[in-house]
Amino acid sequence: MRIEVNGEPHEIAPETTVFALLRTLGVGDGPVAVERNHEIVPRAEHASTLVHEGDRLEVVHFVGGG
Amino acid sequence: MRIEVNGEPHEIAPETTVFALLRTLGVGDGPVAVERNHEIVPRAEHASTLVHEGDRLEVVHFVGGG
Amino acid sequence: MRIEVNGEPHEIAPETTVFALLRTLGVGDGPVAVERNHEIVPRAEHASTLVHEGDRLEVVHFVGGG
Amino acid sequence: MRIEVNGEPHEIAPETTVFALLRTLGVGDGPVAVERNHEIVPRAEHASTLVHEGDRLEVVHFVGGG
Amino acid sequence: MSDALHIGSFSLRSRLIVGTGKYKDLQQTKDALEASGADMVTVAVRRLDLNAPGGDSLMGYLREKGYTLLPNTAGCYTADDAVRTCRLARELGMSGLVKVEVLGDPKTLFPDVVQTLQAVAILVKEGFTVLPYTTDDPITAKKLEDLGCAAVMPLAAPIGSGLGIRNPYNLEIIRNTVSVPVIVDAGVGTASDAAIAMELGCDGVLMNTAIAGAREPLRMARAMKLAVEAGREAFLAGRIERRLYATASSPLAGVIGSKLG
Amino acid sequence: MSDALHIGSFSLRSRLIVGTGKYKDLQQTKDALEASGADMVTVAVRRLDLNAPGGDSLMGYLREKGYTLLPNTAGCYTADDAVRTCRLARELGMSGLVKVEVLGDPKTLFPDVVQTLQAVAILVKEGFTVLPYTTDDPITAKKLEDLGCAAVMPLAAPIGSGLGIRNPYNLEIIRNTVSVPVIVDAGVGTASDAAIAMELGCDGVLMNTAIAGAREPLRMARAMKLAVEAGREAFLAGRIERRLYATASSPLAGVIGSKLG
Amino acid sequence: MSDALHIGSFSLRSRLIVGTGKYKDLQQTKDALEASGADMVTVAVRRLDLNAPGGDSLMGYLREKGYTLLPNTAGCYTADDAVRTCRLARELGMSGLVKVEVLGDPKTLFPDVVQTLQAVAILVKEGFTVLPYTTDDPITAKKLEDLGCAAVMPLAAPIGSGLGIRNPYNLEIIRNTVSVPVIVDAGVGTASDAAIAMELGCDGVLMNTAIAGAREPLRMARAMKLAVEAGREAFLAGRIERRLYATASSPLAGVIGSKLG
Amino acid sequence: MSDALHIGSFSLRSRLIVGTGKYKDLQQTKDALEASGADMVTVAVRRLDLNAPGGDSLMGYLREKGYTLLPNTAGCYTADDAVRTCRLARELGMSGLVKVEVLGDPKTLFPDVVQTLQAVAILVKEGFTVLPYTTDDPITAKKLEDLGCAAVMPLAAPIGSGLGIRNPYNLEIIRNTVSVPVIVDAGVGTASDAAIAMELGCDGVLMNTAIAGAREPLRMARAMKLAVEAGREAFLAGRIERRLYATASSPLAGVIGSKLG
């Protein structure tokens, strides 16, 4: 199943949740925020939110900046 | 018949044209421009354009300014 | 015997020393410096220095200033 | 007979006048001014002024400058 | 020299544009305009005084003398009022040349750039040759050019303040950013201000108060004419570099007294 | 207008005085001087090159054109050298007009005011018409006037630096302090600098590098001519006051859309 | 002294807000922040590097030290991107505090005020505490306040340019125009720039490059801390008037040698 | 940090030197000096009032607190008066430290550099540690150093004028020209002025009116203390270069929405 994460194509299994995706991406439990198709996916819903074919996700965190 | 000219109330006879109105207002033939209810009334149509009850007219000219 | 102190005329007795003069002027023992006819009279010599007719003395101290 | 002209040593014959010196130097009749041992030699006296052993002369003119 | 300023289809010999307001009387206005050497002058659109109608004698003079009239929308605080004023100006002037000025507040008379952009978009579509009064913000200037303005007119300082070129950096950036003419509009106080604007590479200067409010308007008009020319020439001539230390202007060699001349 | 600048017994139509050094060639020098409109030009006194004697062709031209020559003492670092140079200049020029310039160091080319005062005292006694190059120190300027100088010439910035009017306050104070003409000498970089000097009330400007060092000297000479006139006119015209906020230049009444026109 | 800066519901002891970018390494970042004395620091929202995931160690430090994080939308060129970035920031930070920065072009990094106003309108409705980066245009600043911003952050000069306070007049007018805090954002180059901003009555200063880009960032951080306090104190202390001439600071009477002491 | 200022044999922790004149009363003087953190303070030498003799209570306080006293020659208009005043000061103070100030006129209170040089020559021979108040002329500053002054103290603007650093270029040149400490004396109006002086590389700042004349002298004294430290630190930290255009302070990569993150 093809999706896009942070502007790059990704292949994932069907029925994958956002939570599972983050795990497979090896994202630690450092604070990250997820946007799916321009909508925030609140942390509380990561485990219950399924990723669909063609979804465009942004996975971001804070970095130093001015 | 009540109308408004340059923000002030005016009483005119029915069937008055813009051309006639300007005359009654004593407007010389110096160049003036007329707007009726936010629409320009081209000089060529002054004589053929009737003023209606409640019309709001602006009669303007150029003055010194920076 | 006429002398001048700080630009003003003064009358003193003959054989007056600088030390005695300061006393008669009521100058406390706050630090003052004395110049006689454009020459410094060191503190150590106040008691041994006689004032002469027509001497011009300056008696100064520090004040606030910028 | 050794003299110095414009900071450089020169050898001239005895009894040479300033006028003659300028000629031997090939100085045209463009306006020049002459100083001998820090004193001006007025143009009128060029012909009557003898140059002496060890004299230091400055021969100058105007040039472009700001 | 032929160094004309081209704005839309208009070609101006003089890079000084002057206002026609605030003079003591008609004669002084005429004399100051004459002395300024301006080809283009601004005029305002105002309601006819119905208690004392009749044309303004100044306008007859301006037309007869062949001045290019630049009607402004001074006093307008909304895009709508500015657009209506421009339409009336075109009806009055035949030419579609307008100075769009949508003000943000009466104290600073700074432009409302949002309203200005809205007005400009409409007016350009309607075929006007639009010269917008704007801030010294390069981004807004670019938007105005992209909308189709014939020139951009950033302020140097508040209208009538006489504070001069308060931010030469922004004007320089604007000049580097847009390709239409950049006319410095408002804030000039004296001749050197106008010269500085031109030295920055701006294409022209528009002013009114600096001349009309001077003790001797005629003389100041002449000063501004000279200053705009001076600044333009200096810009084209290519100034020397700035350096902290000195460089002699007379020959170093041949000074008297020195040993080796 | 007749607004001549009087220095000693000399009367100048133009308030711009220019140097004659650093140009590409003789023709460029002539053209730039012509374009500058200057009546008075500075020249340097230098040793004749004995290996290639013969008069400098520029001088012939200057005399023939009737320029007033202002010999300078550029390159002198002592009062004595400056005095000797002035005496030679008088012998060369017939006129006793001299620009006294006693330098303090070769890096800044700032004047040595102590040596300058000494030289001036001697030269005035010998009947010279002395124009001293000085710092922008009002006290020194007053001393120079009291010694009998025909004018004072404070620097705006180091010679040839192009930094412009670095301290307008001091120049203004000098202008208020002395009654002889104040000529801003050195530091001007572009037209607006010259205009600012004149707007401060100074009586003239002297420059060389700003013109000779420009990419187009001729054009810059013209720009400087215009700028000095512009600044002078603006000074005489009386500029508007500066204010932080705006004042409208078009009538406030009669704007369309307003309820009470 | 208790002279806290209140922004929305946040209260800051220090009026210096600093960025966390461009430092040599993590240690230098920590030391500079420490030296700056700042309570609030800006952070950027960026995509996780999926080839090297894992939290940024700086963030842990900042949270542990109790810094108030001000997420910015640096790099966004549209209102939409800025809004999305702010929503992600809130999800990351829990707090709704955001610095809205919608850029107009990559060369000047000047804000696009139209896009900024659009983003702000949406974000305020969504309950964010919005601090917008804007131009020094008072009209735009007022619009931002009217939309509900908790503060306005006009630029002093282009981001990272170090040009300092290029237009103190506009900042002063903004300070007089809005009632929310005015934070000078971008353009500061050295300590005196920060002091000047505060002396104009601004409520705080935000900077990053001036510190991170200095030869000794730590030292410059300390300098900026002192400068912001100095400028604030000077503003509150009420400076002396400027005058062209002098006034003595020592007593006039009693100087020796004078006749009447 | 140990960044002491060494003047002759004196070592000062604080680079701010303050005057003790013009305060409302003794208490305010004490409090302001305390807040300024100064180690060295200036005092004037004046005739004892024979109608009300008795020591000035301020002096007792200053001595007891261990302030280093810098007697000045304020009010002197000749080298002779200045020399006599310094001799009296030494007799009063034991130390040979003096601020030589020979004024040129009462309106500008600018120094008379010729008289100042004469006084300095005599005083140095007599073993005084001489700190001369001078103009911002680098040549005069060098002469003063060559005569043996322990520091030079150029003015930034007229005493008490509050005009600030009017000519940073000359101060910078002076700093590059002499090797003794350069103390900016007179003209500072507010905190940023002091910071700018230090950022130019000057070694200290001397002021009186800017503090004593402020609405809240205590607060301004504190502001000046901070500003001098800020400026010094900024100078040592090495500021960023100035550039006309921007440089981002947040990472360019990883902005959301971009195609290639």
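Throughout, protein chains are lettered first and strands after them, A, B, ... in sequence-line order, and every chain is numbered starting at 1. Nothing here was measured: the structure is a model prediction, and the numbers come from that model.
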Participant: Tell me, with the steps shown, if F:Leu50 and D:His10 meet side chain to side chain contact (heavy atoms under 4.5 Å, CB included).
Facilitator: CA-CA 11 Å; F:Leu50 300 177; D:His10 262 264; 3.9 Å; yes
Participant: Under the criterion salt bridge (charged side-chain N to carboxylate O under 4.0 Å, His left out), I'd like the reasoning laid out for D:Glu35 against F:Arg84: C-alpha separation, chi angles, the key distance, then a yes or no.
Facilitator: CA-CA 8 Å; D:Glu35 179 199 69; F:Arg84 288 168 59 199; 2.6 Å; yes
Participant: Which atom pair, heavy atoms only, marks the closest approach of D:Arg43 to F:Glu91?
Facilitator: N-OE2, 2.6 Å
Participant: Is it the case that more than 12 heavy atoms not belonging to D:Phe19 sit under 6.0 Å from its CZ atom?
Facilitator: no
Participant: Answer yes or no: are there more than 12 heavy-atom neighbours, outside D:Glu53 itself, under 6.0 Å from its atom CD?
Facilitator: yes
Participant: Sort out for me which of F:Ala74, F:Ala212, F:Gly21 touches chain D most, counting heavy-atom pairs under 4.5 Å.
Facilitator: F:Gly21
Participant: If you tally heavy-atom pairs under 4.5 Å against chain D, which of F:Leu62, F:Leu88, F:Asp185 wins?
Facilitator: F:Leu88
Participant: Which heavy atom of D:Pro31 sits nearest a heavy atom of F:Leu92, and at what distance?
Facilitator: O-CD2, 3.4 Å
Participant: If I measure from the heavy atoms of chain D, does F:Leu69 come under 4.5 Å with its side chain, its backbone, both, or neither?
Facilitator: side chain
Participant: Is the number of heavy atoms from other residues, nucleotides or ligands within 6.0 Å of CZ (F:Arg63) greater than 12?
Facilitator: yes
Participant: So, taking the atom named CZ in F:Arg47 and the one named CG in D:Leu57, what distance separates them when rounded to the nearest 0.5 Å?
Facilitator: 11.0 Å
Participant: Measure distances from F:Asp80 to the heavy atoms of chain D and classify the residue's part below 4.5 Å as side chain, backbone, both or neither.
Facilitator: side chain
Participant: Of the options D:Val60, D:Val59, D:Val63, D:Leu22, which is the one that meets F:Leu48 in a side chain to side chain contact (heavy atoms under 4.5 Å, CB included)?
Facilitator: D:Val59
Participant: Report yes or no: does F:Asn72 contribute a side-chain atom to a donor-acceptor pair with the main-chain N or O of D:Gly66 at less than 3.5 Å?
Facilitator: yes
Participant: Please rank F:Val45, F:Val83, F:Val18 by heavy-atom pairs under 4.5 Å with chain D and give me the top one.
Facilitator: F:Val45
Participant: Check whether F:Ala89 gets within reach of chain D through its side chain, its backbone, both or neither, counting any heavy atom under 4.5 Å.
Facilitator: both
